[in-house]
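The structure appears below as structure tokens.
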Amino acid sequence: MKKREKSENAKIQQNTLNKNTFRWLWEFTKGKRGTYLLSVILALLGVASMLLVYVCLASLIRELITGGHDIGFYIQRGVQIGLLWVIRYAFHGFSTYSAHASTFGLIGNARKKLLKKLNTMPLGAVQMRSSGEYKSIICDRADQIEPTLAHVVPEFTANIVGAIVMFIYMMTIDWRVGLWQLICIPVGIVAFALMMSSTPKYYPNTIAKTKALNATAVEYIGGIEVIKAFGQSKTSYGKFVKAAKEGADCFIEWMRSQNFLENLGMACFPATLLGLLPAGVHYCLDGSLAPADFILLIILSLGTIAPLITVFGYGDDIAKVGEIISDMADVMEEKDMIRPKEGDVKPKSHDIIIKDVHFSYKDKEVLHGVNLEIKDKTVNALVGPSGSGKSTIARLIASLWDVDSGEITIGGVNIKDMTLEEYNKHVSYVSQENYLFDQSVMDNIRMGKDDATDEEVVEAAKRCGCHEFIMSLEKGYQTICGGSGGHLSGGERQRISIARAMLKDAPIVILDEATSYTDPESEAVIQNALSKLTVGKTLIVIAHRLSTIVDADRIFLINDGNVENYGTQEEMLSSSALYKSMWESHMALKKGGN
């Protein structure tokens, strides 16, 4: 019973997967379906032109065998055949061009939808996959569907229709010979069917190994600095080599298992003459088949099977497209954050209230009924031991995740009732893991406000204390930051990220340990700038250096996923033993550093 239930569940999941795959493939073709239809029509016209070639060839052969001597007739048929071949390949060329244009549009649509989907998914769901896996799905594997879709849509249709029409034409000449040519085809079909039946067994493994290889490669390249610094090149490179070998072995194993069936199918499927020739000779000898028709049938049989071989050749490619679209569908089927698509709900103020909020990473709850209130236009600090839940609270306020239960309101409005676009206007978030794009410093800061002028960008940088170090760079504001900001130091990246957030000029500013990588001198400059820039704003700071938040209007002590205490610096020192211990440890460390 259990095996039967597992089998039925597997079938249900597979059927659902197939439906989702087809549904998303259909969705990705939106706006390109007319061009695909045009491609098919052009391909069919090409097939019709090819069939007319055989009709002209038939009349030419009959005339030749019956002893016709009209040279004009032969010239006329020859010109017609030549023109039809030109027309056939012209239609084929336009069809292929149309299909390629449609397919590139489909891939573009898919990539846009996937990237848009990542923007609406909770951050935790996004981080369930590695960056290497996303790169594989969105960039590398998306390109792999182009050759198949660009050729399968027109050619698959045209070749099947062409083969059927050709076979019908042969049957009108002599149905007996038409059937005899099929004698070897069942063996070839069985061989190809067995090959395709093994695809679900081998192909998913090749995909898994390829994903693992991509992820390992990205990890190896991204961590090369650490690998070199700690002499781990042998271990890390060995992991990459192992992934590469497994990636190659799974394909070799698959191909090796298919060798016999592929050779059998390719030998039997096109062997139409094995049945046609003996039968045709027999019927010619008994006078029931004209020699001219026999020769024409031989030629037509070769034209009948070639299109079908082309169709069968796309079997693995079609399976590959199915798997790739399925992976895209997996991403597209992820749950979005609970936000309305449209609406004009706006907060009346920027008071933040967190009420009985529970939140879990996977199956582990990290916030256990958090309650806190942040007043509009005040400076607030979240402090506590590492792993206590400070950053989680900040990210929930920044709307990077949805709460499991409870609610977060801004100005009396539940943030789930606001569109993401509207909510993002109200919050600037700078994390300890700052990301800069491979663009100029100017463009990275301008991302805080798309329509900002160069003068506004420079002014924001000056107010954040960034201007001097930016001007010391090789090309000043036009210096390229590199991938992930790799051309700059950690402190420089942080200061540019803060300038970007300040340029946005949102009424709520969240700094999640945003000065953790800066040196004391730079931190003093930033703190001084922040104290001026956040006047009149609601500021939430997560800081590991407690001396930087002594003037906060309210300090919240987070411990083990709960708000343990809150108050001003003086109130916290007098009422919280944990905060007092943290403060004394920080001051001792600070004095020791001096």
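No experiment lies behind these values; they were computed from the predicted model shown.
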So which atom in Met332 and which in Leu114 form the shortest heavy-atom distance, rounded to 0.1 Å? SD-CD2, 3.8 Å
Option from Asp417, Thr120, Asp402 for which side chain to side chain donor-acceptor pair (under 3.5 Å) with Arg339 holds: Asp402
Value for CD1 (Ile480) from OG (Ser440), rounded to nearest 0.5 Å, stands at 5.5 Å
Run the salt bridge (Lys or Arg N to Asp or Glu O under 4.0 Å) test on Asp505 and Lys537 for me, step by step, so that the C-alpha distance in whole Å, both residues' side-chain angles and the decisive distance to 0.1 Å come before the verdict. CA-CA 9 Å; Asp505 197 29; Lys537 299 182 185 297; 2.5 Å; yes
Nearest 0.5 angstrom please: Ser497 OG to Met447 CE, how far? 11.0 Å
Ring-plane angle category for Trp583 and Tyr579, please: parallel below 30°, perpendicular beyond 60°, tilted otherwise. parallel
Any salt bridge between Lys117 and Glu334, counting N to O under 4.0 Å? no
In Å, rounded to the nearest 0.5 Å, how long is the span from CG of Leu396 to CD1 of Ile415? 7.5 Å
So how far is it from Met572 CE to Phe556 CZ, rounded to the nearest 0.5 Å? 9.5 Å
Donor-acceptor pair, side chain of Thr538 and main chain of Lys377, under 3.5 angstrom: yes
Under a 3.5 Å cutoff, is there a donor and acceptor pairing between the side chains of Tyr361 and Thr392? yes
Taking CG in Asp551 as the centre, count heavy atoms belonging to other residues, nucleotides or ligands within less than 6.0 Å. Is the count above 12? no
Are any non-hydrogen side-chain atoms of Phe437 and Asp443 less than 4.5 angstrom apart? no
Side chains of Ile397 and Val427 in contact at under 4.5 Å (non-hydrogen atoms): no
Closest heavy-atom pair, Leu420 versus Asn119, reported as atoms and distance to 0.1 Å, is CD1-O, 4.2 Å
Identify the two heavy atoms, one from Asp404 and one from Ser360, that lie closest to each other, and give their separation to 0.1 Å. OD2-N, 2.7 Å
Donor-acceptor check, side chain of Ser581 to backbone of Ala577, threshold 3.5 angstrom: yes or no? no
OG-CG distance between Ser102 and Asn109, expressed to the nearest 0.5 angstrom: 10.5 Å
Identify the heavy atoms of Glu564 and Asn559 that sit nearest to each other, and give their distance. OE1-ND2, 2.8 Å
Enclosure of Asp344 CG (heavy-atom neighbours >12, cutoff 6.0 Å): no
Pair Ile374, Arg554 - check side-chain contact (heavy atoms from CB on, under 4.5 Å), show working. CA-CA 8 Å; Ile374 295 173; Arg554 186 171 287 181; over 6 Å; no
Would the distance check show the side chain of Asp376 and the main-chain N or O of Asp351 forming a donor-acceptor pair, the cut-off being under 3.5 Å? no
State, yes or no, whether a side-chain contact exists between Ile555 and Gln569 at a heavy-atom distance under 4.5 Å. yes
Exam field: side chain Lys390 to backbone Pro385, donor-acceptor pair closer than 3.5 Å: yes
Can you label the angle between the Tyr477 ring and the His467 ring as parallel, tilted or perpendicular, going by 30° and 60°? tilted
Treating Asn380 as the side-chain partner and Thr378 as the backbone partner, does any N or O pair qualify as donor plus acceptor under 3.5 Å? yes
Counting C-beta onward and ignoring hydrogens, is there a side-chain heavy-atom pair between Ile470 and Ile445 closer than 4.5 Å? yes
Can a donor-acceptor pair be found, under 3.5 Å and without considering hydrogens, that links the side chain of Glu422 to the backbone of Thr419? no
For Leu557 and Val563: C-alpha separation, side-chain torsions, deciding distance, then whether side-chain contact (heavy atoms from CB on, under 4.5 Å) applies. CA-CA 6 Å; Leu557 176 62; Val563 178; over 6 Å; no
Indicate yes or no: at least one non-hydrogen side-chain atom of Met502 is less than 4.5 angstrom from one of Val509. yes
Apply side-chain contact (heavy atoms from CB on, under 4.5 Å) to Lys116 and Leu118, showing your working. CA-CA 5 Å; Lys116 187 176 181 180; Leu118 295 181; over 6 Å; no
Is the shortest heavy-atom distance from the side chain of Ile410 to the side chain of Tyr423 under 4.5 Å? yes
Is there a donor-acceptor pair under 3.5 Å between the side chain of Asn414 and the backbone N or O of Lys416? yes
Identify which one of Leu382, Ile510, Ile542 satisfies the side chain to side chain contact (heavy atoms under 4.5 Å, CB included) criterion when paired with Ser391. Ile542
Is it the case that atom OH in Tyr566 sees more than 12 heavy atoms from other parts of the structure closer than 6.0 Å? no
Would you find a donor on one side and an acceptor on the other, under 3.5 Å apart, between the side chain of Thr479 and the backbone of Lys475? yes
Which atom names give the shortest non-hydrogen contact between Ala110 and Met328, and what distance separates them? CB-SD, 4.0 Å
In terms of side-chain heavy atoms, does His350 have a donor or acceptor partner in His426 at a distance below 3.5 Å? yes
Just jot down the salt bridge (Lys or Arg N to Asp or Glu O under 4.0 Å) partners of Lys30, sequence neighbours excluded, or say none. Glu27
Minimum heavy-atom separation for Leu436 to Cys481, with atom names? CD1-SG, 4.1 Å
Hey, mind stepping through Lys449 and Arg500 against side-chain contact (heavy atoms from CB on, under 4.5 Å) and telling me if it holds? CA-CA 8 Å; Lys449 182 182 177 183; Arg500 180 168 59 195; over 6 Å; no
CD/Gln478 to CD/Gln439 distance, rounded to the nearest 0.5 angstrom? 11.0 Å
Do Asp553 and Lys375 have side chains that get closer than 4.5 Å, going by heavy atoms? no
Would you say Arg111 and Ile138 make side-chain contact, with heavy atoms under 4.5 Å? yes
